[in-house]
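For reference, the structure discussed in these notes is given below.
Residue numbers start at 1 and run along the sequence shown.
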Amino acid sequence: MAGAAPDHIDLRRHRDWEGRTYERWLPNVLFGILCLIPLLALLGVFGQSPEVQKVSNPHGFASLELSAPTKVRSGLLFQARFDIRARREIKDAVLVLDSGWL
């Protein structure tokens with residue numbers, strides 16, 4: 001048989017949660033919000049999504065598709081993808097980017 005509770009412990013308040021209804025759900029809600037942030041990050045809600053731009057030659061010889069973020073925060077790595085589709089052979093093809101592109 002267990003002994004009596006210490007003097008500084010009120011069983012109704014500490015064991016039965018009497019008068020502390022907010023203390024029951026508040027930690028669970030805060031923990032849920034804390035777990036929701038990484039989940040949203042994994043789903044791609046935060047961060048930079050790429051924008052796709054397509055151009056083609058007026059004669060239809062080649063087309064270029066660029067996929068890159070429009071804005072990049074400092075300190076982050078990013079990826080730009082250039083897809084060039086030639087409908088005929090292009091000799092000595094060179095992709096030249098403007099100095100301010102990056």
TODO: Just do the side chain to side chain contact (heavy atoms under 4.5 Å, CB included) check on L30 and W25 with the steps written out, would you?
DONE: CA-CA 9 Å; L30 293 176; W25 58 267; over 6 Å; no
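- Note that the CG atom of L95 and the CD1 atom of I84 stand 5.0 Å from one another [nearest 0.5 Å].
- We find the CD1-CZ distance between I33 and F31 to be 12.0 Å, quoted to the nearest 0.5 Å.
- Hydrophobic clustering, defined by side-chain heavy atoms of Ile, Leu, Val, Met, Phe, Trp and Tyr closer than 4.5 Å, groups I9 together with L11.
- Residues satisfying the side-chain contact (heavy atoms from CB on, under 4.5 Å) criterion with V52, sequence neighbours excluded, are K54, E65, S67.
- Among all heavy-atom pairs drawn from P69 and Q79, the shortest one is CD-O, 3.6 Å.
- Distance CG/N57 to CZ/R88: 8.5 Å, rounded to 0.5 Å.
- The other residues sharing a hydrophobic cluster with V96 are V94, where clustering joins ILVMFWY side chains under 4.5 Å apart.
- For the salt bridge (Lys or Arg N to Asp or Glu O under 4.0 Å) test, residues two or more places apart in sequence or in another chain that qualify with R12 are E18.
- Applying the ring pair (Phe, Tyr, Trp, His ring centres under 6.0 Å) test to H59 and every residue at least two apart in sequence or in another chain returns F61.
- The hydrophobic cluster containing L34, built from Ile/Leu/Val/Met/Phe/Trp/Tyr side-chain heavy atoms closer than 4.5 Å, comprises no other residue.
- Using a 4.5 Å cut-off between side-chain heavy atoms of Ile, Leu, Val, Met, Phe, Trp and Tyr, with links allowed through other members, L97 and L66 fall into the same hydrophobic cluster.
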